[in-house]
Amino acid sequence: MKEEHPASIPIRPRRIRRTAALRRLFSETSVGPAHCIAPLFVQEGTRSTSISSLPGHFRFSISDLRREAARLARRGIGGIALFPCLAQNLRTANASAAYNPKGLIPRTLRALKKDLPDFPLFADVALDPYTSHGHDGVLNPSGQEVDNDKTIPLLIKQALVLAEAGADFVAPSDMMDGRIDAIRRALDLSGFTSTGILSYAAKFASSLYGPFRDAVGSTQSAGTNSLDKRGYQADPANRRAILRDALLDEAEGADILMVKPAGPYLDILRDLRESTHLPLAAYQVSGEYAQIHAAAQKSWTDLRKTRDESLLSIRRAGADIIFTYFAKDF
Ligand code: PBG
């Protein structure tokens, strides 16, 4: 009896992944330091302090941060994003420290620009590290809601201060309506035509911002760790609503659109990739980093492999650049 020839499977996808060399040859996506932006925290004083929910990260003093930035630049990281941790007594209802030209972030930006003139610097436009209540804008008289139109003039002042201090990109992360248009006009009128805007365009009201809020102290200001931002950040259930919002930011003049968080929102990233020709950023947020670390600490997963897979997946979904607390691991 003639034996059935096993080769009755003419199409074999495994042929291109048989060996390491073939896998390398057919790899469709890559991730490296040049794609990554490192978020860094800065505080007043001469001491840096560790952040327990963000292993390996610190609230740096300005001078330690300058050294860290120089190391990152040398390692080929794409740029850094700055976030302040302010003393609680400097926080006010209208976030006045956010638009003080001699404030913590402007001084840090000036120092960094002097040290590293070509290293891309991103500075957040949002009031939460500066408000006594931890919200991203000023509250209306009832204290129940963030007032969109009263917040925008303050965001403009903050953006101008950051641009003047040397930010290459200002990054509104507040989710107010109309702020991209307002900031773009104000920058242009003041001569900052080369300062770009990275819009946190698709920013969801996520449970994954906890370690960040610890780091900048907005949990402490709010006096609760369930700071509710659903009145301005997007509903995790909604795809159409956030695409509409993000494309509006493009129409208003954003240079880069961001999706945040990254890992649980790769579908949004892919949708946006197919709807715009702008560069896209994704923010792998503090809670994503903390989850990967925590599982690895228990030896339930392998840190390096989980990290690399998470970053690769974000690139594959369509991100050009990734804000990630893993940046310096490269
Ligand atoms: C606030 C801001 C947040 C993050 C970046 N900018 C937190 C928030 O909206 O409460 C979070 C980043 C992270 O979790 O890593 N405007």
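Each ligand, and each atom within it, is numbered from 1 in the order the structure gives.
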Apart from L22 itself, what residues make up its hydrophobic cluster when side-chain heavy atoms of I, L, V, M, F, W and Y under 4.5 Å apart count as a link, directly or indirectly? I16, L25, F26

Parallel, tilted or perpendicular: which describes the rings of F326 and H293, with under 30° parallel and over 60° perpendicular? parallel

For F204, check ring-ring contact (aromatic ring centres under 6.0 Å, His included) against everything at least two apart and list the hits. Y265

Distance filter under 4.0 Å, heavy atoms only, around ligand 1 gives D124, A126, D128, D136, S173, K203, L208, Y209, F212, R213, K229, Q233, K260, Y283, V285, S286, Y325

With sequence neighbours excluded, residues passing side-chain contact (heavy atoms from CB on, under 4.5 Å) with E164: R110, F192

Kindly indicate whether a cation-pi arrangement holds for K203 with Y209, taking the cut-offs as under 6.0 Å to the six-membered ring centre and within 45° of the axis. yes

Does D267 pair with R270 as a salt bridge, N-O distance under 4.0 Å? no

